[in-house]
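What follows is a short report on a single structure.
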Protein chains: 2
Amino acid sequence: MLDREFFLGFIKIHILYHASKESIFGTEIAQELARHGYSISPGTLYPTLHRLEKAGYLKSSSQVVEGKVRKYYLATSAGKRVLEQSKKKIRELVTEVIEER
Amino acid sequence: MLDREFFLGFIKIHILYHASKESIFGTEIAQELARHGYSISPGTLYPTLHRLEKAGYLKSSSQVVEGKVRKYYLATSAGKRVLEQSKKKIRELVTEVIEER
DNA sequence: CTACCGATATTGCGATACGATATTGTATTC
DNA sequence: GAATACAATATCGTATCGCAATATCGGTAG
């Protein structure tokens, strides 16, 4: 599936978006994405979260919930800034590709 | 720049879109993308075009223009189909991430 | 202290990204 | 008609990413 190349960025924007609204953790965001018709495997998801954190877009904090350790991620201000940039790009894409300006 | 991961898919959708409207060739699409604030180097562009063709989304034909060989690409019906899928995904992304449904 | 379980982490390999460099093919000049 | 010039495409080498499969972690219950 080459198509995937087209949408992987969308998934990352989704992640950033959700993390800007509330704390999220890996398994949860995977399910959330699945609800939107995307799939992401742990071998892609976790390295991605790590990268986003390393880039300063997300900040993590571990919490124990029902005896299980979860790593909650929240968007930083830098992350929110990138999200806004992304929104702008999405709007441009809509104007160019969908609205047939 | 991690941000790039976010937008590479956008670039590919752009390419598919333009190739669905009219024949395009590499250097031209690179300039067109630059006009939209994207940059893509030849080391990324040409392999991408090759992949899109191999996947059956684009079809190429060589032409000589002003003494230079150009390889024009046009979207196939499969390519247009993927483009429509992409548009749908973009609309979903807008609904979810921008319109704050 | 062992077994269990949700969740996160890592591994191995194929594929992609990309700057730098090389190649191609035609026209022009002499 | 050989050499030169040039736009355009192609490839190379290295770093990084994608991902399915597998391993590991940390806490709780028995």
Side-chain angles (χ1 to χ4, degrees), chain A residues 1-16 18-19 22-34 37-74 82, chain B residues 1-16 18-19 22-34 37-74 82:
Chain A
M1 271 294 186
L2 172 63
D3 314 18
R4 191 151 184 85
E5 286 183 32
F6 290 43
F7 303 129
L8 254 173
F10 290 15
I11 290 179
K12 290 170 188 171
I13 292 172
H14 257 289
I15 291 174
L16 213 51
H18 284 293
E22 57 189 343
S23 284
I24 55 167
F25 63 98
T27 303
E28 178 186 38
I29 193 72
Q31 292 169 351
E32 169 69 16
L33 286 167
Y38 297 106
S39 71
I40 187 167
S41 79
T44 303
L45 176 60
Y46 291 105
T48 297
L49 289 173
H50 297 167
R51 246 178 299 129
L52 289 172
E53 180 167 25
K54 199 165 155 200
Y57 298 162
L58 296 180
K59 181 138 183 31
S60 71
S61 60
S62 293
Q63 248 178 76
V64 178
V65 178
E66 289 168 21
K68 304 300 177 306
V69 181
R70 290 179 182 173
K71 207 156 161 187
Y72 280 98
Y73 290 90
L74 202 57
V82 174
Chain B
M1 270 293 184
L2 173 60
D3 314 18
R4 190 148 186 85
E5 288 183 30
F6 289 43
F7 303 129
L8 255 173
F10 290 16
I11 290 179
K12 290 169 190 172
I13 291 172
H14 258 287
I15 291 174
L16 213 49
H18 284 292
E22 57 188 345
S23 283
I24 54 168
F25 64 99
T27 304
E28 177 187 39
I29 192 72
Q31 292 170 350
E32 169 68 17
L33 286 167
Y38 296 106
S39 71
I40 186 166
S41 80
T44 303
L45 176 59
Y46 291 105
T48 297
L49 289 173
H50 298 168
R51 245 178 298 129
L52 289 173
E53 180 166 26
K54 199 165 154 198
Y57 298 163
L58 295 179
K59 181 139 182 31
S60 71
S61 60
S62 292
Q63 247 178 80
V64 177
V65 177
E66 289 169 22
K68 303 302 175 305
V69 181
R70 290 179 182 174
K71 208 158 161 186
Y72 280 97
Y73 290 89
L74 201 56
V82 173

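Naming convention: chains lettered A, B, ... in sequence-line order (proteins, then strands); numbering from 1 in each chain.
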Any N/O pairs under 3.5 Å between the protein and nucleotides 8-16 of chain D? List them or say none.
from	atom 1	to	atom 2	distance (Å)
D:dA8	OP1	B:R70	NE	3.3
D:dA8	OP1	B:R70	NH2	3.1
D:dT9	OP1	B:G26	N	3.4
D:dT9	OP1	B:K71	N	3.2
D:dT9	OP2	B:G26	N	3.4
D:dT9	OP2	B:T27	N	3.0
D:dT9	OP2	B:T27	OG1	3.1
D:dT9	OP2	B:Y46	OH	2.5
D:dA10	OP1	B:K71	NZ	2.6
D:dA10	OP2	B:H50	NE2	2.7

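- Taken residue by residue, residues 52-65 of chain A places no heavy atom nearer than 4.0 Å to DNA chain C.
- Atom CG in A:L49 sits roughly 15 Å away from atom C1' in C:dT10 (whole-Å rounding).
- Residue contacts shown for B:L45 are absent, as no nucleic acid heavy atom lies under 4.0 Å away.
- When side chains are defined from C-beta on, B:I15 counts as touching B:L45, because their heavy atoms get closer than 4.5 Å.
- Of the inter-residue distances, the one linking A:L16 atom CG with A:Y57 atom OH reads 8.5 Å to the nearest 0.5 angstrom.
- In this structure, B:I29 atom CD1 and D:dA7 atom C1' are separated by 17 Å, rounded to whole Å.
- Nearest approach of A:A19 to A:L74, heavy atoms of both residues: O-CD1, 3.3 Å.
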Distance-only donor-acceptor pairs under 3.5 Å for side chains of residues 23-33 of chain B, two or more places apart:
from	atom 1	to	atom 2	distance (Å)
B:E28	OE1	B:F25	N	3.3
B:E32	OE1	B:R35	NH1	2.4
B:E32	OE2	B:H18	NE2	3.3
B:E32	OE2	B:H36	NE2	3.1

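- Considering all non-hydrogen atoms of both residues, A:P42 and A:P47 come closest at O-CD, 3.6 Å.
- Whole-Å rounding puts the B:Y38 OH to C:dC18 P distance at 14 Å.
- With rounding to whole Å, B:F7 atom CZ is found 16 Å from D:dC17 atom P.
- When rounded to the nearest whole Å, the span between CD of A:E66 and C1' of C:dC5 equals 12 Å.
- A:I40 comes within 4.0 angstrom of no nucleic acid atom, judged by non-hydrogen atoms across all strands.
- The closest donor-acceptor contact from the side chain of B:E53 to the backbone of B:S60 lies under 3.5 Å.
- Atom NZ of residue B:K71 and atom OG of residue B:S61 lie 10.0 Å apart, to the nearest 0.5 angstrom.
- Residues A:I11 and A:R4 have side chains in contact (heavy-atom distance under 4.5 Å, counting atoms from C-beta outward).
- Side-chain atoms of B:S41 lie closest to C:dC18 of the nucleotides C:dC18, D:dA20, D:dG18.
- Remark: P of C:dA17 and CZ of B:F6 are 15 Å apart, rounded to the nearest angstrom.
- Checking A:S39 against A:G67, the closest nucleotide of DNA chain D that is more toward the 5' end is the one next to A:S39.
- Look at CG on B:L33: it is 12 Å from P on C:dC18, rounded to the nearest Å.
- In this structure, the separation between CG on B:L8 and CG on B:D3 is 11.5 Å, given to the nearest 0.5 Å.
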